[in-house]
Structure formats: structure tokens, C-alpha cells
Amino acid sequence: MVQREIPRNLLFWLWLLKSLGVSNWTCYRLVYLLFSAMCVCYLCHLLYAAMGFLLISGFMLQALDKCRESPPDDWPAPAYVLVGREDLATAKMGSARKETGFGNNDNLTSISVPYMLHLQPVTVPTASDVPTSEVLNSEDTDAVYRSVEDGMEHIFTSTTQLRYGRDLRLNEVRRLLCSARPVAIQTSTNPTASDQDLQQQQLWNFAQRTTALPFGRGAFTLATTYTLLTEALVFPKIILAGRLPAQQNATVNLDLSTRSVSEFSSWAEFHNGVAAGLRLAPFQEKMLRTWIQYNRPSEPNFTHAGLLLAFGLHEHLRVLTMTDAYRYLSQEHDITTLGLLLGLATSHRGTMHPAISKMLYFHVPSRHPSSTPELELPTLLQSAAVMGIGLLYEGSAHALTMKILLGEIGRRSGGDNVLEREGYAVAAGSALGFVALGRGSDAFGFMDTFLDRLFEYIGSKEVYHEKFLNATIAADDQSGNTGQMMDGSQINVDVTAPGAIIALALIFLKAESEEIAARLSIPDTHFDLQYVRPDFVMLRIIARNLILWSRIQPSIDWIGSQIPETIKVGVFSMSEEAIDCDEFDAEALFQAYINIVTGACIAIGLKYAGSRNGDAQELLYSYTVHFLNEIKHVSVQTPSILPKGLLQYVDRGTLELCLHLIALSLSVVMAGSGQLQTFRLLRYLRGRSSAEGQVNYGLQMAVSLAIGFLFLGGGTHSFSTSNSAIAALLITLYPRLPTGPNDNRCHLQAFRHLYVIATEPRRVQTVDVDTGLPVYCPLEVTVAETEYYDETNYCDVTPCLLPERSVLKNVRVCGPRYWPQLIKITPEDKPWWRSGDKTDPDPFNGGVLYIKRKVGSCSYSDDPIGCQSLLSRAMHEVCDTPSTSCSTQLNRASHSSFRVDQLVSTFSANPSLIAFAKLCCESWKDRSNGNFQDFCSQVLYECMSKDRPSLLQVYISFYTIVESMWEHLKIGQFPFYDSLFPSSLKVCT
């Protein structure tokens, strides 16, 4: 009877071990030991009692392993730790990154299982851990990055190294946007008098570019660093001097006697202060107010004025009190006041703060009572105040504010410079658009005359409420102390039209109003082309398409549909010399054509801002290259989409303007991507000399902004397409570029920084929860179905940028090396999540996604194609064969400096496995029991290959119980009848 029971029990043990996932070799080894013990004692039922608690734990561990693959979403953090998913536990706790790293595992350790409490995560060096000095060691022979503080020295982090690898893309961006060193001038070794004049001319051209670099640097370093609250903020210098490489880098200064450099040192310093402030990420509010006061200079300057605007764009000025604002205003420094007004309005955007509203209206003289003494306020300050009113009342459709701003569009500025009145009208129109942003006809209510008034400012002949319109104009003339902007009895459309068009575009943004779009008509006859400025045609195209938002398509056919048939036929016929150009004005025809194409490209850039849409990128790139080919031939093969010979009918300045506007729109679409093809194009545009194209401040500003947008926030930010974001981008891309650093006639330069409103930190970085290091990981992103396209999936590798929140449905960690993880998101038309917001918690933990690597696999940086993992498995499979002893293999490998703990740490970051490997390698290497070493090596490999580190304890417990029984039997002791025997066994924990 006993002889029948033993085989039946052995089969049961064999089935039990196989069900737990034990390999064949380990099963046979354990069953053999059990059979030897049972043959001697004949007391199988007592063996069940001795090992019962291990069997129960084995079944529980098997159940936990089954739950590890996809545990429920509603588990608490300790439950995730129990099944070995520390990544989900960390995400559940919502642990945030430190300011200088990726946090620690203190919270995770407090809920870990007991046998892991004394173990610390082991950090394994990877290929991505490259010293910063090695990354910065480029081919720059001047060693500028190691000697000059250019405001970009902090951009090289572990995340950027993972994002861009070992290429020198960021180094090149840093070189292009550096303004803190003299620029190289190529001259002969023995200069003559004429060479010195040439040097000054080159310096003057380079100064135009250098003063525009802070625009791009501010976008490139947006929210990428923190500052010590006990130290003052350091501003990079703006060096206008040059150096002569042919003469041992001798320095040449810009001649002050022939040209005034004061115009370069004012607004350039303002933009430099904005760039320095934009690079700071948000931090403690209570300390921020003290730190702002600490950085205030004893004498007001342009740099601190720009810093105030940057703080406002980051919404940091909320901590300032009205007393602090009054202290700034009492300094009576116009540019500081300008930065403060815009900064406060941006920080309190949409709140209608009464105290700030009074402050802004005080700087609009037209709203002062007639009995108030006349105040001499600069036009720039008035423009900033008017724009601040629009930002403060954003989206409110406040009736009185709208009526005031409508009157300001057509009111002549009372400032010191009447040439800047167009800029004032644009500011008033933009402010009106912000107040009624996206409200459409609902914004006007019973005031139907508002629309007629706006179209009269544009120059439209269609007036539907003429009687009430004249009454309203008369009432406004009597209430204000400055007159309407009219020449005789007619409105000066050249001044009022841009502001009115922008106001209509923002009020009816995405409204799909056919009526309003039809009234913004494009001239379709040769006669009408004589009476509409070409740049106004571009604004009308932009406004029409922002209203008809859903119809914008990134295709050549769609752009062709925007061109009236008369213009299209005339342009292509003249380019082929099929008709005589004396019949009509050829210049007006071609001017309208290229402005329509440019306006359509800008509309595409706004529609697909930050989307990295491939069709939009290819289309805008093709148009940029074709415009560039009209100026100078470049060896780029693209299909012909423009008529030839544009330069014969259009002046070069207009072609240059359209070229750079399209390039800027291209960078808006590819914001934050750092795409190489676009970057090469922008680098070529920046490096052109005066002989290859017009080198002026406005064009260089566009190129600088484009480079900054392409690497927005060092590749961590992108643009949104919400109503506020589109309005801010439209003001930033306003298609009238300045001619010099002091040029604010048509558009205040400070408004070019409003793009910050449209930015979102949409980068996600995966971090290994065991090591705390950023790693590569493939993600599958699902974009929700919209009215424009079906639900789609695409794969990307972290660190990467995610789509907008309005279309993002879920993100899944995929690939064989990391445990799967699914983040489900409800698509909502809301801004991107903010870290620390309790009402709307961030599912991406501030841009950090914790993941857990499977045992037996290397990280993608160490093993890009998986060869090391396969070789490791093959080596252990050889050790698994009966003819080969693992101890023999390990002894042979020890001569080549092979260590088990090194192998384990390569393929696993689990602290229990690494600690066991070290113990096996160091503490047991002198033991004479070779079988135990073989057993430990085999079970260690099995736990690694199947990613079941918790079974390691069960295996050692099994072995220890059986070995203890065998030792007792060999000396003739039979402790099986002792009921305390199971608890007296040595169990390895």
C-alpha cells in the first residue's frame, strides 16, 4: 500500500511544481530529494504538514503573479507593491519629481514588503549617463560654452540627452542663439582702409541679428531651469562687437560716431530680460514676492522691465500687491511701467480684477474726464494699457469694455509719436478680440451697430444700420477728448483696417459664420485690386479662415481655392507670357497672389499649431523653398507649386517678408519637435549674408523666433489650439515685422512674447521606478475620433510630446521589456494639466511616467536591438543542460572577471535579486557544497527569466526543508512526530 502511495504522491508534487512555473530541471531535482526522504521515513502525511505553509504561500504568489500583468485601476498603492508593480504604486501616490532630479523611493519603501525594507535600489550606469563636459565638447574651437554665460548652459540634462542622443543639435541651437560673445568677421590678414569700412558694415548687419536673438533664446529655454531664491538672477550679455579670426581673434567694436547704438541697447535689453525670466520654471509663491523685490534694481532699466513681463507671462505677478505695483509706477520709467502693466494683466487674465483695471484705464488718456489735466503718455504705453485691458477682460464680452475698445480702434493716439497710431489701432483691435474671444454674434447682443462699425473701419461699403452708426460716432466724439482717425469726413482705413480685421477674426474665431466670412471678401476684379493694400488682403485671408476653422486643409488644392479665379488666371498666364501685361496692373496682381498664399500658409500654421502634422509640414516647407528659390536658387527638389518669375513683378522686400512668415508658420506646426529638415532650413536663413537676402532686424527676429519655436522649452513644450492660444499666436505672428530694434510703429514688439500663453508642457518622460533613471520606452498613443478624422493610434519613443488634451484618449506602455501600463483619459477641451492642481490631478505626474523593467531585459540605451538579452538567455540555457555543470561554467568565467551580481544587475534592477546575487557570489563562494551553489544559480536564473523574484524565497525554503530532513535521517533522528517540527526548520528569508 505504501509502495502505491509514494508514486502517486510524487506525481502530485511534480504536477504542483509544474503548475507553479518551475522548470523541468528544478522539478526533477526537488522531486528526487523528496523521493529520497519519503523512501526512508514512509510518513508522507507528515511531510504535507511540514510544507503546507510553503504550498499556501506558493499558491498565493502564483495568484499575485497572474495579477501583475494588468491589475485593476482602483487598487491602493500597497496592493500594487504586493504584486510587484511599484510603478503603478508610485503613480497612485502621485509622487512628484524633485527640482533637481526624479525623486526618491522613500514613500515606496514605507509600503514595501518586509524582506525589501533593508535593500536600496541599485543604480546601474547606462550609455545615456554621459558627462555634460563630453556632450559640450563639440568642434567649437573657441570653447565658448565653457567660458561664457549665455543663458543656455543649463539646457543639457539627462532628458535632452535621451531626446536627441549624441547628435549636436542642441549645441548648434545654442551657438545660433548665443549673443554673449563677439561674432566672427571674415577679412584679410592685412586689412586696408576699405577693409575697415567693410568690417563696420558687417558689424552693423550682424548687430541687427544679435539684437533679435533674445526672442529665440526665450522660447528655447522656456521654463527649463530653477533659480536659488538667495541669489540674484544673472542676465546674459549682448555683445555687438566682432572678432577677427585671421588676426588672432582681435576684437573690433561697432563705430559709435557713424551710427547711434543707443537704439540697440534699449529694446534689445528689454527682450534680453524677457528671455532670462522665461527660462525660470514656477516655484514657491510666498518666496517669489520677496525674490522679485530682491532683484529690483536701484535704478529702473530695460532689463528689469522685460523681467517683469516674463514673470507676468508665467503668472508669477499674482503675488505682487497693489503697493508693490505703485512702487514700480512711482519710478516714472516708461518701459518699466509697460512691462508691469502687461505682466499684471497677463497674470490676472480673464479675472476682471478691479484694481488692475483702474490702473490700466488710467494709462488711456482718451478715457479721462474732460476736466482732468492732459497727461503726456507715450503711445507705446497707451498701446500696452489697451492690450492689457483686453487680456484682463478676456472672454467676458463685457459690454462697456467692448464699446470703449471699439472707439479706440478709430481714435487718434494722443501720444508723442503719431507714426505709431497704427500700432495703437492694432492693439485696440486685438484687445477687443480678446474681450469677445470666440463669442461670435452672442458677444454683441442688442448692439448690432458694432459689426457695421468694424466693417466701416475695414473699408467695407455694406452698412446695415447707418442711422444708429452715425449716432454712435457722434456720441463717441463728444465723450472723448481726442477725435476719430479721419481725413476730412472719411475714416483713414490704412490705419484702422488691421485692428478691425483682427478684432473680427478673434470675435468669430471657429464660429463657422458664412455671413461674416463673405463680408471679408477678397478683391476679384482688376479694378478692386487698385484700392486694397496687398498686406490687408493677407489679413483678410487669415481672418476668413480663422472664422471658417473647420475648412482649413493642408493641401495645395485648398490654398488654390483661396485665390480668386481672376488673380489665378492672370498670374499663371503672365508667368507663361501668354497675355500682354499692359492690359492691367501686373504688380498689383502678383502682390495680391503672394499675399493670399502667405495668408493661407499662416492659417494652416495656426490650425495645426504644435500638431507636427506631416502634411502641413511638407506643404509649408515646399512653399518656403519655392519662395527662397525666387530669391536665390537652392538645390532642393520639390514639386512646382508657384509660378516662375515672381521677382520680376514683386519687390524683394515683400518676397523676403512672405518667405520668413511661412517659415515662422512652419516652426509653429513643428513646435518642440526639433525636426532636422526644418532646422536646416532655418539655419540657412539665419546664415545668409546681405548679398543673398535682406538682412534687417524684423527678418532676423522671425528666424530667431522660428528656431526657438522648433525647440520650444528645449523640446518639452508645444502649442495649443484653444481660443486663447490661437489669439496669442496670431498677435505674435502679426504679418508686419519691424525694420529696426526701435520700430514699434505698426506693432508693439513686446506683444511678440505673448506666444507663452499658447504653450503647454506636453513632454512625457519614462523613469525606471527601481533605479530612478530616465529611460527609453515605446508608447502607443490613441487619438480620439473628431469631426475631422477617425480614431488613430501611433507609436512613439519617450521622451516625446503628447497630443493635446482635447484629442488624447489613452497612452499605453508597450514593448517586451517593460510591464504594460494603460493610462485612460477622457478627451476634454481644457488646458494641459498643471502639477499640484488638486481639482484636476495630472495623470502624467508632471510629465514623468514611472515604469518597471522586466527581469532579464536590458534598457534600450544599453541594448537597442535586444542582443544582450538573447545572449544572456542562451548562456543560461547551456548551463541548464544535464551534461554541463553551472558551477563549472561559473568557475571558468571567474577567470575573466565574471561576477554573478554584475550579470544580474545588468538585466534587472530588482533589489532583492541583486542582493541575493551578491550574497551568492561573495558569502557562498568558499562553501564546499557545490550542489547548493548550482541550485542557487539555477533558481536565480529562473526568477530572472520569468520575472518572478518572489519565488526565490519559496525555492530556498523548499531546498532548506528537504536538506534538513535528509540530514536528520542520515544520523538516525526522526523528528517527524514533533508537531513543532515545521516551525523549527531553518527557512531562508
Side-chain angles (χ1 to χ4, degrees), residues 15-23 26-27 51-95 105 107-117 119 121 766-771 775 777-780 782 810-825 843-845 849-857 907-914 916 939-958 989:
W15 169 83
L16 179 63
L17 292 174
K18 289 295 292 182
S19 65
L20 293 176
V22 182
S23 63
T26 307
C27 288
M51 304 178 66
F53 72 100
L54 291 178
L55 296 178
I56 295 174
S57 64
F59 279 119
M60 294 182 64
L61 292 175
Q62 178 72 6
L64 294 177
D65 285 337
K66 294 295 184 182
C67 296
R68 189 192 302 187
E69 184 76 20
S70 56
D73 299 334
D74 55 350
W75 276 10
Y80 290 124
V81 175
L82 185 62
V83 299
R85 294 301 302 271
E86 290 81 3
D87 53 338
L88 298 178
T90 306
K92 192 72 174 181
M93 293 186 298
S95 58
N105 289 348
N107 296 331
L108 189 63
T109 304
S110 63
I111 60 174
S112 298
V113 291
Y115 72 89
M116 290 180 59
L117 290 179
L119 302 175
T766 49
V767 176
D768 193 322
V769 71
D770 292 321
T771 63
V775 293
C777 181
L779 296 181
E780 182 181 351
T782 302
N810 58 60
V811 176
R812 186 173 68 88
V813 177
C814 56
R817 304 192 187 187
Y818 292 93
W819 285 100
Q821 185 177 158
L822 179 64
I823 301 176
K824 298 180 180 179
I825 302 167
F844 298 103
N845 199 20
L849 182 60
Y850 290 95
I851 59 176
K852 186 175 180 63
R853 178 159 55 99
K854 293 182 178 180
V855 178
S857 300
F907 296 102
S908 174
N910 189 287
S912 60
L913 290 179
I914 297 176
F916 180 80
V939 298
L940 181 61
Y941 166 67
E942 186 168 334
C943 292
M944 289 178 56
S945 61
K946 297 187 177 182
D947 201 358
R948 293 179 177 177
S950 56
L951 289 179
L952 186 64
Q953 180 182 2
V954 178
Y955 287 155
I956 302 301
S957 300
F958 268 118
T989 58

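- Of all non-hydrogen atoms in D87 and K852, the two that sit nearest each other are OD2-N, 3.6 Å.
- What you find for C777 and C814 is that their closest heavy atoms are SG-O, 4.3 Å.
- Counting all heavy atoms, side chain and backbone alike, A89 lies closest to A77 at CB-O, 3.5 Å.
- Of the possible polar contacts, none joining the R812 side chain to the E780 backbone as a donor-acceptor pair under 3.5 Å is found.
- Residue K92 comes nearest to D73 through the heavy atom pair NZ-O, 3.4 Å, listed as atom of the first residue, atom of the second, then distance.
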Criterion side chain to side chain contact (heavy atoms under 4.5 Å, CB included) on T766 and Y818, from CA distance to verdict: CA-CA 11 Å; T766 49; Y818 292 93; over 6 Å; no

For side chain to side chain contact (heavy atoms under 4.5 Å, CB included), just list the numbers for L779 and L849, CA-CA rounded to whole Å, side-chain angles, deciding distance to a tenth of an Å, and then say yes or no. CA-CA 11 Å; L779 296 181; L849 182 60; 4.2 Å; yes

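- Scored by the side chain to side chain contact (heavy atoms under 4.5 Å, CB included) test, P71 finds W75, Y80, R85, L88 as partners (sequence neighbours excluded).
- With a 4.5 Å cut-off on side-chain heavy atoms, E69 and W819 count as touching.
- Remark: D768 CG to I851 CD1 distance equals 6.5 Å, nearest 0.5 Å.
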